[in-house]
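A short worksheet on the structure shown next.
Below, all heavy atoms of this structure are taken into account, side chains as well, without hydrogens, waters or symmetry copies. Within every chain, numbering begins at 1; the chains are lettered A, B, ... in the order of the sequence lines, protein sequences first and strands thereafter.
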Amino acid sequence: MANKPKIAVFKFTGCAGCQMELLRMVDEFPELLDRVEISYFKMAKRDNLLGPYDISLIEGSVSTPRELKEIKEIRKNSKMVVAMGDCAVTGCVPSIRNWIPQHESEELVYEDTLVIGSFRPLGIGEYLKVDYDIPGCPPDKNLILGFLIKSLQELRVYHRPHSVCVECKLKENVCLLTSLMQPCMGPVTRAGCDAICPSGGRVCEGCYGPMNDANPEFLAESFKECGLNDDDISRKFRKYAGLTKEFFKEASKL
Amino acid sequence: MKSIKTINVDYIARVEGQGALAIKLDPDARDVKFKIFEPPRFFESFLVGRKYDEVHELTSRICGICPVAHQVTALRAVENAIGVEVSQQTKDLRKILALSAFISSHVLSLYFLTTPDYFNHESVISLGQEHPDLLKIGLKLKKLGNDLGDVIGGRAIHPVYAVVNGFTHIPPRKQLDSILKRLIDATNDALETVRFFDSLKYPALDSPSEQIAISDDDQYAVNEGLMKSTKGLVAEEKDYRKFIADKQVLYSHTKASTVKGRGSFLVGPLARVNINFKQLSENARAVAKEIGFNPPQLNNPFDLIITRAIEVVHAIDECIELIGRIPLKKEDTSHSFQPGEGFAITEAPRGMLYHSYKINEDGLIESADIVPPTAHNAKNIENDLKQLVETFNDLPIDDLTLKCEMLVRAYDPCISCSVH
């Protein structure tokens, strides 16, 4: 009991969807709870411990002074810090506002902006060293589980560097981009979702962020052939991961 | 100087999102603040300039517990704006998707977030170690809700197959049949859930409030209906802003809603069961009667918990009915487009949800207006807390603090959503 690894789950600027995905592990909970201690998890527990932690899973981006202070404290108290989901990795959908002056966003929503302590959301890697990224909006529960199983055994976690196309091909789907001329983000998007969208007749929107060695310029050209204009193309890249070095150039053309 | 007794909870546990309580107990200076420090994400700002057909995909990300509600509401508001009328099959699939989210969200709230308080436990983890059997039904039902969401939406959290004017993927009959068997099997579990939650002892709080839900004579209203209140308000969705106001509260990132000229109100399962009791499934009405629930029950917000359980029974029954009749035909989602303004009100698991959009001739969003359930409830939660600390003012401070938290958890607030 005493030496079980301590796991902490924290929520920052985000929607709680990653924690909800974590809570989908109903079949795995009993065995998992035999092997780890959940030290901190506000959405599940009233008595939470203030560290130290072996693994801290962080959901959400950083967008307030309070969060900035907290995330640094967590880094100090954790052996391993994990960005769980796109908000923590890239800023995700809320980062679309990073192209809008902060005061404009604030004035549109609130009458009194003096009391709003908020800045543009960025992935946690902007402010501290992150040991591992779990991509996805949300990450499939099996990615989170796979990470936990491997890291608890101190094994290297399999980090799928390839594109959604690989998973899509394995399912023998008709290619939406080349055969049906639909603007699919699959060729530049990191795998892990099992290609759910193209398998159900919908183009990939890129919700796992960029794959390794993505070639967004080339894909943007293909999107023109699908009939998209420059603004449409830029919006595609300015969605889940517009701030990443891979997508930033295309995302900034709007 | 006389010190004023206070309750301070700097981060409320076992609710979604980041909120705090600051309550001054002194009768002469009583003050209740439900402080939501969840960071704002400014969806209404960055939606401007986005394409109409991605609004449901983006607004899904407002909430990880009720993504379906935001998707369906955004889809309907956009479709109303651009003049698209969807098929009955699409309406039915969206209803199953919404009900699947009711099942998983309600069961999460009931078994994982609520029960520990009533067994003197800090969490479902410690409770489960002592009483593993207690949670078995909850785990099973939650999985069922999520799996049903996966089948219809591609994935339960931020579903992908629901789009403007339909679904890109219609599940094969075989897949639905296997989940249908599990739903039928779960009917009894849901009834047992109502009986179990009826057996718990809730604080006797007398704090009546106006309650609002959407309503439809022909079905239990979830994705569309007329807005109705227990004080006689009846309005179409396009007139929402004529009746409901919201105002920034300086200590919270969530704006607080009121009925214009009246005050705070309650939304959620209790409001729905009270207003739409006739439209509940037979099983749900029967078990409500069995445990002595007599609508309308307007006085105790803790009744939100038992009505949440009653709705699980209904959700399972209606899913069984819908799956039985749905034709599962492949549909063409292409559609015509006209610029315009559209409105939609739906019921998220936690209550009434409003979206409206103005869309220009290029198909881009010009303005967005979103009011989630917990913004609707925020002021009512404070009023109930005030009543609660008055009613139980003789309790030791730790016990009273726990009671305040229990009240907030009865509302099952969705705090990220409320800030958005």
Side-chain angles (χ1 to χ4, degrees), chain A residues 11-21 23-24 26-27 29-30 33 38 41-48 59-61 63-64 66-67 92-94 96-97 99-100 104-106 108-112 115-118 121 137-138 140 193 196-197 199-202 205 207 232 235 239 254, chain B residues 11-18 37-46 48-51 54 57-58 60-65 67 108 112-113 116 122-126 128-129 132 139-140 142-143 146 154-158 160-161 163 167-169 247-248 250-251 253 255 405 414 416-417:
Chain A
K11 177 181 178 292
F12 285 80
T13 304
C15 77
C18 302
Q19 290 179 83
M20 294 306 291
E21 200 63 34
L23 290 173
R24 286 196 66 169
V26 288
D27 293 330
F29 279 143
L33 292 174
I38 308 289
F41 190 175
K42 268 284 175 187
M43 197 162 82
K45 284 166 65 70
R46 193 166 186 253
D47 297 342
N48 292 287
E59 168 177 8
S61 58
S63 79
T64 64
R66 176 186 170 128
E67 287 185 333
C92 197
V93 164
I96 296 172
R97 88 165 202 260
W99 277 267
I100 304 167
E104 284 182 21
S105 290
E106 290 187 8
L108 190 86
V109 175
Y110 295 105
E111 266 172 47
D112 187 344
V115 294
I116 306 299
S118 159
C137 180
D140 188 275
C193 62
I196 13 177
C197 292
S199 303
R202 183 172 176 187
E205 297 288 355
C207 81
D232 291 336
R235 270 191 290 270
K239 198 184 280 189
L254 191 62
Chain B
Y11 191 164
I12 307 166
R14 302 208 317 273
V15 298
E16 188 287 319
Q18 307 178 53
F37 59 90
E38 176 79 30
R41 287 168 292 159
F42 302 98
F43 270 80
E44 283 143 329
S45 164
F46 70 73
V48 174
R50 300 299 302 200
K51 209 68 185 264
E54 54 178 359
E57 178 197 340
L58 297 174
S60 170
R61 271 72 189 185
I62 288 175
C63 181
I65 309 190
L108 175 84
F112 291 55
L113 309 182
E122 65 92 23
S123 75
V124 74
I125 302 165
S126 64
Q129 277 155 358
L139 292 169
K140 190 172 149 195
K142 179 168 180 303
K143 199 172 168 196
N146 285 147
R155 66 180 174 199
I157 299 165
H158 305 323
V160 294
Y161 295 153
V163 294
F167 282 77
T168 63
H169 174 79
K247 205 172 176 303
Q248 185 183 359
L250 293 182
Y251 50 80
H253 288 151
K255 294 186 221 174
E405 289 182 43
C414 199
S416 301
C417 214

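Taking chain A as the reference chain and counting heavy-atom pairs below 4.5 Å, the highest number among B/Glu44, B/Glu16, B/Gln129 is found for B/Glu16. The candidate from B/Pro40, B/Ser126, B/Cys414 with the greatest count of non-hydrogen atom pairs under 4.5 Å with chain A is B/Pro40. Annotation: maximal heavy-atom pairing with chain A below 4.5 Å, among B/Ile12, B/Ile65, B/Val124, occurs at B/Ile65. Among the candidates A/Pro138, A/Gly201, A/Ala16, the residue making the largest number of heavy-atom pairs closer than 4.5 Å to chain B is A/Pro138. Contacts with chain A were tallied for B/Glu38, B/Lys51, B/Lys143, B/Glu57; B/Glu57 has the most, counting heavy-atom pairs under 4.5 Å. When each of A/Asn48, A/Asp27, A/Ile38 is checked for heavy-atom pairs under 4.5 Å with chain B, A/Asp27 comes out on top. Most heavy-atom pairs under 4.5 Å with chain B, from the set A/Met43, A/Glu111, A/Arg24: that is A/Arg24. With chain B as the partner, the residue from A/Asp47, A/Thr13, A/Val26 showing the most heavy-atom pairs under 4.5 Å is A/Asp47. In terms of heavy-atom pairs under 4.5 Å with chain B, the best-connected choice from A/Ser63, A/Ala44, A/Cys193 is A/Ala44. Contact count against chain A (heavy-atom pairs under 4.5 Å) is highest for B/Tyr161 among B/Tyr251, B/Tyr161, B/Phe167, B/Phe112.
Interface residue A/Ser105: backbone and side-chain heavy atoms are both found under 4.5 Å from chain B. Looking at A/Ile196, the atoms closer than 4.5 Å to chain B (heavy atoms on both sides) sit in the backbone and in the side chain alike. In this structure, chain A has a heavy atom under 4.5 Å from the side chain of B/Lys142, while its backbone stays farther away. If you measure heavy-atom distances from B/Leu113 to chain A, the contacts under 4.5 Å come from the side chain alone. Both the backbone and the side chain of B/Val160 come within contact range of chain A, with heavy atoms under 4.5 Å apart. Proximity to chain A (any heavy atom under 4.5 Å) is restricted, for B/Phe43, to the side chain, taken from C-beta onward. The contact between A/Phe12 and chain B is made entirely by backbone atoms, counting heavy-atom distances below 4.5 Å. Heavy atoms closer than 4.5 Å to chain B are found in both the backbone and the side chain of A/Cys137. Looking at B/Lys255, only its side chain comes within 4.5 Å of chain A, counting heavy atoms on both sides.
Residue A/Glu67 holds its CD atom at 9.0 Å from CZ of B/Phe37, rounded to the nearest 0.5 Å. Atom CG of residue B/Leu58 and atom CZ of residue A/Arg235 lie 10.5 Å apart, to the nearest 0.5 angstrom. Here B/Asn146 contributes atom CG and A/Glu21 contributes atom CD; the two are 8.0 Å apart, rounded to the nearest 0.5 Å. Atom CD1 of A/Ile96 is separated from atom CZ of B/Phe42 by 14.5 Å, given to the nearest 0.5 angstrom. Here CD of B/Glu54 is found 7.5 Å from CD of A/Glu205. Values are rounded to the nearest 0.5 Å. Annotation: the span from B/His169 atom NE2 to A/Cys197 atom SG amounts to 11.5 Å, rounded to 0.5 Å.
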**Study point:** side-chain contact (heavy atoms from CB on, under 4.5 Å) between A/Cys15 and B/Arg41, worked out
**Key:** CA-CA 10 Å; A/Cys15 77; B/Arg41 287 168 292 159; 3.7 Å; yes
Practice item. Check the pair A/Lys239, B/Arg50 against side-chain contact (heavy atoms from CB on, under 4.5 Å), reporting the backbone distance first and the verdict last. Key: CA-CA 10 Å; A/Lys239 198 184 280 189; B/Arg50 300 299 302 200; 3.6 Å; yes
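Remark: B/His158 pairs with B/Ser60 by the side-chain hydrogen bond (donor to acceptor under 3.5 Å, both in side chains) rule, at least two apart or across chains.
Although no hydrogens or angles enter the test, the distance criterion places a donor-acceptor pair under 3.5 Å between the side chain of B/Gln248 and the main chain of A/Asp112. A donor-acceptor pair under 3.5 Å is formed between the side chain of A/Tyr110 and the backbone N or O of B/His253. At distances below 3.5 Å, not a single donor-acceptor pair connects side-chain atoms of B/Glu122 with backbone N or O atoms of A/Lys45.
A 4.5 Å side-chain heavy-atom check between A/Lys11 and B/Ser416 finds at least one atom pair inside the cut-off.
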